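Values below: every heavy atom of this structure, side chains too, minus hydrogens, waters and symmetry copies. Note that this is a predicted model, so its numbers are computed, not measured.
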Amino acid sequence: MKTALWLYMFLFLAFFDLHAQYPVLTPFAISLGAAPTFIGWMMGIYALTHLPGNLLAGSLIDRHGSRRYIIFSLTAAGIILLLQAHVQLPWQLLVLRSISGFVLAFLSPACLALLASLSRDPVTQGKYMSGHGVIHTLASVLSPAAGAFIVANAGFSGTFQSLGWLLIFTGLMAFLSLPKPMSATAAKAKHKGQLAEPINNETPARLPFSLRLYLIPFAIACSQGILFFEIPLRESGLASIMSTGLLFSVISLGALVTLSMLFLNRYGPHIRVTIGVFGLAICFYALAAADHVPITIILFTLGLAKGLLFPALSSLFIQLSGGGRLGKVFSFQSIAMSLGSFVGPIAAGQLRTVVSPYFVAFLMLMTVLLLLPRRNREAPLTAISPETPISTV
């Protein structure tokens, strides 16, 4: 439990640091002379370089343990932020953001793997993963407004330096407090030896559902990338950084409200995903067309839909897979969301002079509703083994 508390603290500081940059990056790029199209590439490149990092992280963490990659990811990201404080040209910011996306791709898988290794009980593992989701949401609620407050008082350079030193300090604490990886690695190898034979004998070679279903997380991440691109550029880019940070916090606050409603888990994932995607689509339509509705109300409702949707989406994939090959199921989900996060800001930067990117997001989300499989009233119960990777957003 002590290790879990340390991990929660590291994750909170890391997520706080990263989300604090959201209301800052776009105005900073504009101050460097970047055009909206370039800003879209700058935001999308982070998700694109996240992809190879995710692909490498799984095998490397299994081979060497989580500890060294948690320390590496936190420290390297802090050093990059210190360099970012001295950027003077847009292409320099683009390069640093691409490197940052790669090194931070190791952080979440490493923390989740270490959390999962703390217990062999699936119920306890589920509690650890739920704690991870709550920590992520709390950090995303507090950090955008805090980042906007810091930049209003310390400027762009002071903000990036403060956040950079915070990450380096967190990496140092991880070095001093996290347990050595040998025992966790040995236990993990033992668990694999015990579970490998049943898994190989009982699971099919292919996934038991169509890969086109991964267009659902792709469209969700793409629409979210559009939102993160457009909010700082509202009012022709004249909106204040403080107001932008508060709007990001409103979204996270709405998500936190729905995540706290544990009774929603009693309903099937199919109906929750359907309502969540439809709610997101309506919110994007309102952002595109309903100018008379206060943006805070729309974004809070959008957050409510996100808090309902993301846990239900993972449950839906578990249900459709029948409990087998969950590692492959969730790795494909992560890849789809990384690609969507890359495409969204770029598409928004290219299309915003022709059509509202919010309307494009609305059309995408309504289209993927057609891809949802028919509800199976007798869906089989699935059990999550101690080695099942669980995806959180």
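Of the possible polar contacts, none joining the Arg272 side chain to the Leu309 backbone as a donor-acceptor pair under 3.5 Å is found. At least one donor-acceptor pair under 3.5 Å links the side chain of Thr258 to the backbone N or O of Gly254. In this structure a side-chain-to-backbone donor-acceptor pair under 3.5 Å is present from Thr170 to Leu166. With Gln92 contributing its side chain and Leu89 its backbone, the two residues share a donor-acceptor pair below 3.5 Å. With hydrogens and angles disregarded, no donor-acceptor distance shorter than 3.5 Å links the side chain of Ser356 to the backbone of Ala288. Judged by distance alone, the side chain of Ser73 and the main-chain N or O of Ile70 form no donor-acceptor pair under 3.5 Å. A donor-acceptor pair is defined here as one N or O able to donate and one able to accept, closer than 3.5 Å; no such pair exists between the side chain of Thr75 and the backbone of Gly171. Side chain of Arg67 to backbone of Phe175: a donor-acceptor contact under 3.5 angstrom is found. At distances below 3.5 Å, not a single donor-acceptor pair connects side-chain atoms of Ser100 with backbone N or O atoms of Arg97. Using a distance-only test at 3.5 Å, with no hydrogens or angles considered, no donor-acceptor pair links the side chain of Gln84 to the main chain of Ile80.
Rounded to the nearest 0.5 angstrom, Ile220 CD1 and Leu215 CG are separated by 11.0 Å. Rounding to the nearest 0.5 Å places CG of Leu280 at 12.5 Å from CD1 of Ile275. Taking OG1 from Thr296 and CD1 from Ile251, the interatomic distance works out to 11.0 Å, rounded to the nearest 0.5 Å. Put simply, CG on Leu96 and NE2 on His86 are 11.0 Å apart, with the number rounded to the nearest 0.5 Å. Going from atom CD1 of Ile346 over to atom SG of Cys222 covers 9.5 Å, rounded to the nearest 0.5 Å. One distance of note links CD1 of Ile99 with CG of Leu83; it measures 8.5 Å at 0.5 Å rounding.
Aromatic ring centres of Phe106 and Phe102: separated by under 6.0 Å. Outside the 6.0 Å centre-distance limit, the rings of Phe362 and Phe284 are not counted as a close aromatic pair.
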Requested in this report: Begin with the C-alpha distance, continue with both residues' side-chain angles, and end with the deciding distance and a verdict on side chain to side chain contact (heavy atoms under 4.5 Å, CB included) for Leu302 and Leu227.
Outcome: CA-CA 11 Å; Leu302 189 146; Leu227 182 69; 3.9 Å; yes

**Report entry** Step-by-step side chain to side chain contact (heavy atoms under 4.5 Å, CB included) determination, Phe156 to Val87
**Finding:** CA-CA 10 Å; Phe156 293 119; Val87 161; over 6 Å; no

Report task. Show your reasoning for whether side chain to side chain contact (heavy atoms under 4.5 Å, CB included) applies to Met337 and Phe218. Result -> CA-CA 5 Å; Met337 298 200 76; Phe218 172 84; over 6 Å; no

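Around atom OH of Tyr285, no more than 12 heavy atoms belonging to other residues, nucleotides or ligands sit under 6.0 Å away. No more than 12 heavy atoms of other residues, nucleotides or ligands lie within 6.0 Å of CZ in Phe278, so this atom counts as exposed by the packing criterion.
Across all non-hydrogen atoms, the minimal contact from Pro357 to Arg352 is CG-CB, 3.8 Å. Residues Ile298 and Cys283 approach most closely at CG2-O, 3.5 Å, considering heavy atoms. For Ser98 against Thr49, the heavy-atom pair with the smallest separation is O-OG1, 2.7 Å.
Of the residues listed (Leu172, Leu81, Ile79, Leu82), the one engaging Leu167 in a side-chain contact (heavy atoms from CB on, under 4.5 Å) is Leu81, and it is the only one.
Leu370 and Leu363 end up in different hydrophobic clusters when Ile, Leu, Val, Met, Phe, Trp and Tyr side chains are linked at under 4.5 Å. Leu163 and Ile71 fall into different hydrophobic clusters, where Ile, Leu, Val, Met, Phe, Trp and Tyr side chains are chained together by heavy-atom contacts under 4.5 Å.
Under the 4.5 Å side-chain criterion, counting only non-hydrogen atoms from C-beta, Leu7 is in contact with Leu178. Contact annotation: the side chain of Val257 approaches that of Leu304 to within less than 4.5 Å [non-hydrogen atoms, C-beta and beyond].
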